There are 2 protein chains.
Amino acid sequence: MVISSSQSSAAEQQTCPHNNAISCGNCRLGTICLPLALEGEDIVKLDEIVQRGRPIQKGDHLYRESDAFTSVYAVRSGAIKAYRLTGDGQEQVTGFYFPGEIIGMDGISKDQYACSAKALETSAVCEIPFHRLEELSAQVPTMQRHFFQLMSQEITMDQQLITMLSKNSAEERVAALLISISARNARRKLSKTSFRLPMSRTDIGNFLGLTVETVSRVISRFNKQGLITVESKEITLLDLDGLKEIANVKMDF
Amino acid sequence: MVISSSQSSAAEQQTCPHNNAISCGNCRLGTICLPLALEGEDIVKLDEIVQRGRPIQKGDHLYRESDAFTSVYAVRSGAIKAYRLTGDGQEQVTGFYFPGEIIGMDGISKDQYACSAKALETSAVCEIPFHRLEELSAQVPTMQRHFFQLMSQEITMDQQLITMLSKNSAEERVAALLISISARNARRKLSKTSFRLPMSRTDIGNFLGLTVETVSRVISRFNKQGLITVESKEITLLDLDGLKEIANVKMDF
DNA sequence: CGAGCCTTTGAGGGAGTTCAAGCTGGGTGG
DNA sequence: CCACCCAGCTTGAACTCCCTCAAAGGCTCG
């Protein structure tokens, strides 16, 4: 079985993302999930506390809402969605996480996860036990700083999403998501314009505060307007600038 | 001029919230903004880095979006709103901050504030220079843990807001905000059922992703239904359980 | 005490939802 | 290997909740 999604098969395969023997020092995602300034000795320290698990399958949970909080996770390959359940049992998707990104920081405040995390496709993650990370942060100022920054970044991204949900039209939201995924692909040296959406239309709608039908309609419209081409989950952005114009936001997420 | 709002005049006045001579050790907000477990010597250390400024007036900015990030702030009295500007210059309110709560953590990731912070009424804040806080966190594990928790809490609260904006009706949102303010009042040993809203209807609407008109209509409706009584900004919650039923969410913010 | 802003209330309209029905494609078992 | 199945996706039509526009009342502060 082919483990990687089409998007990770290109560049990430060079140093196999599912290879547990890989270390933080030679991981090609290093500069995304690690502090840039972290140096030799300190990388080794980090390396010692990171646990590299076996791949998790599509649909598997990394952890569930209200599980005891133990670790944060760095996505190594694949894609993870985070979601919480509302009072009446509906799902609310709070984020999609791609390789190099850190998930699970919401669990710190209450010592239990505030979201569930589920694999959208076969994925690999690095588990970072939080108490070890705390110790390391106290020893290595760069590490502490970096982790504060990661959490702050999560706050900023959530606030951008809040703004979008509060102010933007369906077209603006969908365009913004496409651009976001494009930008995150670029950061990982993958195609800016052509990729596979690992999540369902339902998940997209859920994340963007729209119904499936609306998402589908907007995507169809973008297709007809020549902004993108769609073949089920495969997306090509034909007019990135046009999409940015529609999205009408400075997005980082 | 009366400096405190009506809600803070009751209990907080006992140890005057504008009194700069007060220290973290005897601040009556201590258990909210401080780690519960912080002990004698460590409180002194924290105390040394906290700068207590003079009151800021209604409408004054604590900091502005894209100002260089230097400090986080603990609200001592009054109320602060955080907001960001959208691409086309509209305001998006991202949060309201009451005494005992910490604001400014969004600035860490980029070394500049991601929001502006503006006083909704005459307020006092404690300024906590971030580089000093980092040093202290590295020395005092409890402090580091507490600050991680504060940031994580901010993430959790943002995610609750995301869920609300994405799923809930106007009535649910307004009810949820009223309950949130009520709960935060209770934490400060103030009235759960009777308080003054420091923010305008416009701010409420902006925060909740609604127009002023809708907010006004919902509040009028709650009034007619006997759930609350309203006298301009003075609110009394007559049926807290009824409101909770309507809000239909487990809120922390 | 008047100007300007905030709030309330009403009437009409529109973007997105809801409901319903057909389509598509990947997996399964006969 | 093909027929079937079922989940996910698309498209259409009607409805609804909230927004927009408009106007009048009420506070607050100079």
Side-chain angles (χ1 to χ4, degrees), chain A residues 1-2 5-6 57-59 81 90-93 118 120-122 164-177 196-225 228-235 246 248, chain B residues 1-3 5-6 57-60 81 90-93 118 120-122 164-175 196-225 228-235 246 248:
Chain A
M1 176 185 185
V2 177
S5 71
S6 62
Q57 298 302 314
K58 175 173 177 168
K81 86 166 171 185
Q90 296 176 78
E91 197 172 301
Q92 171 66 46
V93 175
K118 192 178 187 176
L120 290 167
E121 54 192 26
T122 306
M164 203 165 70
L165 291 174
S166 173
K167 296 244 179 327
N168 293 9
S169 67
E171 297 209 343
E172 290 171 330
R173 297 183 204 187
V174 173
L177 179 63
R196 183 171 198 281
L197 294 174
M199 71 293 279
S200 69
R201 299 284 192 271
T202 306
D203 284 336
I204 293 177
N206 195 315
F207 177 65
L208 296 177
L210 302 169
T211 57
V212 206
E213 293 93 327
T214 302
V215 172
S216 180
R217 273 185 256 270
V218 170
I219 289 180
S220 297
R221 215 175 305 150
F222 284 173
N223 193 11
K224 279 189 196 112
Q225 292 169 350
I228 62 175
T229 55
V230 196
E231 231 173 298
S232 79
K233 306 219 162 196
E234 295 292 339
I235 295 263
I246 290 173
N248 181 35
Chain B
M1 179 188 183
V2 176
I3 280 172
S5 72
S6 63
Q57 298 302 314
K58 175 172 177 171
D60 285 354
K81 86 166 170 184
Q90 296 176 77
E91 196 172 302
Q92 171 65 47
V93 176
K118 193 178 187 176
L120 290 168
E121 55 193 24
T122 306
M164 204 165 71
L165 291 174
S166 173
K167 296 243 179 325
N168 293 9
S169 68
E171 297 209 344
E172 289 171 330
R173 297 183 204 188
V174 174
R196 181 170 199 281
L197 293 174
M199 70 293 279
S200 68
R201 301 284 193 272
T202 307
D203 284 336
I204 294 177
N206 194 316
F207 177 66
L208 296 176
L210 302 168
T211 57
V212 206
E213 294 94 325
T214 301
V215 172
S216 180
R217 272 185 256 271
V218 170
I219 289 179
S220 297
R221 215 174 305 150
F222 284 173
N223 193 11
K224 278 188 196 115
Q225 293 169 349
I228 62 175
T229 57
V230 197
E231 230 172 298
S232 80
K233 306 220 162 194
E234 294 293 339
I235 295 261
I246 290 172
N248 181 34

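So that the names make sense, note that chain A is the first sequence line, chain B the second, and so on, each numbered from 1. Keep in mind that what you see is a predicted model, and the values were worked out from it rather than measured.
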Taking only N and O in the side chain of B:Lys233, is any of them less than 4.0 Å away from OP1 or OP2 of C:dC6? no
Counting just side-chain N and O atoms, does A:Thr214 come under 4.0 Å of either OP1 or OP2 of C:dT17?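 Yes, such a contact exists.
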For the pair made of [atom1] in [X] and [atom2] in [N], what is the distance, rounded to whole Å?
{"X": "A:Leu197", "N": "D:dT10", "atom1": "CG", "atom2": "P", "answer": "10 Å"}
{"X": "B:Met164", "N": "D:dC18", "atom1": "CE", "atom2": "P", "answer": "13 Å"}
{"X": "B:Lys58", "N": "C:dC5", "atom1": "NZ", "atom2": "P", "answer": "13 Å"}
{"X": "A:Asn168", "N": "C:dG16", "atom1": "CG", "atom2": "C1'", "answer": "15 Å"}
{"X": "A:Asp203", "N": "D:dA7", "atom1": "CG", "atom2": "P", "answer": "16 Å"}
{"X": "A:Glu231", "N": "D:dG8", "atom1": "CD", "atom2": "C1'", "answer": "16 Å"}
{"X": "B:Ile204", "N": "C:dT8", "atom1": "CD1", "atom2": "P", "answer": "9 Å"}
{"X": "A:Glu234", "N": "C:dG25", "atom1": "CD", "atom2": "C1'", "answer": "14 Å"}

Any donor-acceptor pair under 3.5 Å from A:Asn206 side chain to A:Val93 backbone: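 Yes; judged by distance alone, with no hydrogens or angles, the pair exists.
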Would you say that A:Glu91 contacts A:Lys81 through its side chain, given a criterion of any heavy-atom pair below 4.5 Å between the two side chains? yes
Under the 3.5 Å rule, do the base of C:dT18 and the side chain of A:Arg217 count as making a donor-acceptor pair?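 Yes, a donor-acceptor pair under 3.5 Å.
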Ignoring hydrogens and angles, does a donor from either the side chain of B:Glu213 or the base of D:dC21 sit under 3.5 Å from an acceptor on the other?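 Result: at least one qualifying N/O pair found.
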Among C:dT17, D:dC19, C:dT8, which nucleotide sits nearest the side chain of A:Leu210?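 So the side chain of A:Leu210 is nearest to C:dT17.
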Salt bridge present between A:Glu121 and A:Lys58 (N-O < 4.0 angstrom): no
Decide side-chain contact (heavy atoms from CB on, under 4.5 Å) for B:Leu210 and B:Val174; before the verdict, give the C-alpha distance in whole Å, the side-chain angles of both, and the deciding distance to 0.1 Å. CA-CA 9 Å; B:Leu210 302 168; B:Val174 174; 4.2 Å; yes
Looking across every strand, which nucleic acid part, if any, lies under 4.0 Å from [X] by heavy atom: base, sugar-phosphate, or nothing?
{"X": "B:Gly205", "answer": "nothing"}
{"X": "A:Ser220", "answer": "sugar-phosphate"}
{"X": "B:Ser232", "answer": "nothing"}

Closer to the 5' end of DNA chain C via nearest nucleotide, is it B:Ser200 or A:Ala170?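 Of the two residues, B:Ser200 wins.
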Does one side chain, of A:Lys167 or B:Gln92, offer a donor that lies under 3.5 Å from an acceptor on the other?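 There is such a pair (donor and acceptor under 3.5 Å, judged by atom type) between the side chains of A:Lys167 and B:Gln92.
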